[in-house]
Protein chains: 2
Amino acid sequence: MKSDVFKKIPKMLIYRLSVYYRTLNKLEEAKTKSISSYELSQIVGFTAAQIRKDLTYFGQFGRPGKGYDVSVLRDNLKEIIGINKSWNVALIGVGFLGRALISYKGFRKQHFVIVCAFDNDPKKIGQRYNDIEVFSQDRMEEIIKKMGVDIAILAVPEGVGDTIIKELAGTGVKAVLSFSPLTLLPPEGMKVNQVDLSVELEGLSYYLSHLEE
Amino acid sequence: MKSDVFKKIPKMLIYRLSVYYRTLNKLEEAKTKSISSYELSQIVGFTAAQIRKDLTYFGQFGRPGKGYDVSVLRDNLKEIIGINKSWNVALIGVGFLGRALISYKGFRKQHFVIVCAFDNDPKKIGQRYNDIEVFSQDRMEEIIKKMGVDIAILAVPEGVGDTIIKELAGTGVKAVLSFSPLTLLPPEGMKVNQVDLSVELEGLSYYLSHLEE
DNA sequence: TAGATTGTTAATCGATTAACAATC
DNA sequence: TAGATTGTTAATCGATTAACAATC
């Protein structure tokens, strides 16, 4: 059954799940006990029908006439998203961006724990930032395997991203979040989410250029 | 006619345009003179049909039997995206992330120029990073108007994002790229692109959790 | 019970893909 | 000319929205 349930969901649904989860966390902090799909829709900006539809991909979480119990739905989403456990994260590249990520407090709360960092600047190797040790880039495979890294975050300069992705493929890491622009298609079996500054800015440029219409 | 042409394009097309543009730039550097939709499809990973379809929203840029002239298509995309000119960018928040953005060399090349930065840490105000002056947060409206800022980049800690978006609405800035998680819906007329670390990581978590299926 | 709201099916809308006549 | 490849229309696929019976 499980394999059936999770088969084909709309691509954007995963992003909406994160938004629902975050919103429910906020509601719980505010001691809200229950919420209807309509009320939730007012907060997140999607339609109530879409929210209900989205949830049906995973089960039934509400009560007709009553709405959803905030903490029940939250806990279910937590499990669906897969953050009812912690994931081990390796940070590759300890420049400004890398250090911004290391010092980002939201990580632990969200069940992603940076366990090691890599750089090939000799001045950085062996140092600790926020208690995370920086290793030499050539020890990537060794350390990643030893520490059981699930996810790699790429914060390296433009140009070297593709090379590192290839090296990562060899370590068994199956999920990567890259802040470095990549030009090659990701290797088979590796999921790569790209945060792409140019693409985001160019989206804004397009919007501004075609505003009058 | 223009107003007709740009009316309703698929949401994801804008992102693909950026990918085409970047790829064509690379091809031009490599002295490739012309390329077919099929060859391009092999590089970017979308289908040839989609590439041709995407381009028809904006005009006819190829020659049947011949393909596309790399530099002609590139120049057209440049204008379509709106980067045949420069946009003035204000950086809000000069922490690690802010400084990573300031030192990112890709900016100028891509026609986005950081013209000013804001922070409310007294130690930072008045300083210059990469020749960009940091102003006090309360002078945001004044400076942004004076400098003709088009786009604001939000690199502030979690929690303050919503407040600053509201302030920005008053300055006339219509496009924002936010690295800070926002919970409120953006004000009318303001386009906000969010780079959301939690959402990206949770997407990976979902993928890893449902791998076997 | 009456009112509210879910879960789900059917209808609509939008985006992608296939196919091919036009044309270099 | 023959072969290649575009631009575009029609067919398909997928995602969203509307509607409503079921149910609390």
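Atoms considered below: every heavy atom in the structure, side chains included; atoms not considered: hydrogens, waters and symmetry mates. Labels below follow one simple rule: chain letters A, B, ... track the order of the sequence lines, proteins then strands, and each chain is numbered from 1. Just so we're clear, the structure is a prediction, and the values are computed from it rather than from any experiment.
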Worksheet item: Can you tell me if B:Asp162 uses its side chain to pair, donor with acceptor, with the backbone of B:Leu184 under 3.5 Å?
Response: yes
Discussion item. Quick test of your reading: applying side-chain hydrogen bond (donor to acceptor under 3.5 Å, both in side chains), list the pairs with at least one residue in residues 140-158 of chain A, sequence neighbours left out, ordered by first then second residue.
Written reply: A:Arg139-A:Glu142, A:Glu141-A:Lys145
Worksheet item: Within this structure, what is the OH-to-C1' distance between B:Tyr38 and D:dG3, rounded to whole angstrom?
Response: 17 Å
Practice prompt. Calculate the interatomic distance between B:Leu73 atom CG and D:dT5 atom C1'; express it in whole Å.
Written response: 14 Å
Worksheet item: Any side-chain donor-acceptor pair under 3.5 Å between B:Asp69 and B:Ser71?
Response: yes
Worksheet item: Across the strands shown, which category fits A:Phe61 at heavy-atom distances under 4.0 angstrom: base, sugar-phosphate, nothing?
Response: sugar-phosphate
Worksheet item: Which dot-bracket string fits DNA chain C when only Watson-Crick or G-U wobble pairs with both atom distances under 3.5 Å count, crossing pairs get [ ], and | stands for a partner on a different strand?
Response: ..||||||||||||||||||||||
Could you check whether the rings of [X] and [Y] sit parallel, tilted or perpendicular, using 30° and 60° as the cut-offs?
X        : Y        : answer
B:Phe135 : B:Phe118 : tilted
B:Tyr20  : B:Phe46  : perpendicular
A:Tyr104 : A:Phe107 : perpendicular

Item to complete: Apply the test side chain to side chain contact (heavy atoms under 4.5 Å, CB included) to residues A:Leu168 and A:Leu154: give CA-CA distance (whole Å), side-chain angles for both, the deciding distance (0.1 Å), then the verdict.
Response: CA-CA 10 Å; A:Leu168 279 172; A:Leu154 233 68; 3.8 Å; yes
Discussion item. Quick check on D:dT8: is either OP1 or OP2 less than 4.0 Å from any side-chain nitrogen or oxygen of B:Thr56?
Written reply: no
Worksheet item: A:Tyr68 side chain N/O closer than 4.0 Å to the phosphate oxygens (OP1, OP2) of C:dA4?
Response: no
Worksheet item: Does the pair B:Val70 and B:Lys33 meet the rule for a side chain to side chain contact (heavy atoms under 4.5 Å, CB included), with working shown?
Response: CA-CA 6 Å; B:Val70 169; B:Lys33 290 282 172 250; 6.0 Å; no
Practice prompt. Could you run through nucleotides 15-24 of chain C and give me one letter per nucleotide, 5' to 3': B if any protein heavy atom sits under 4.0 Å from the base, S if only the sugar-phosphate is that close, - if neither?
Written response: SSBBB---BB
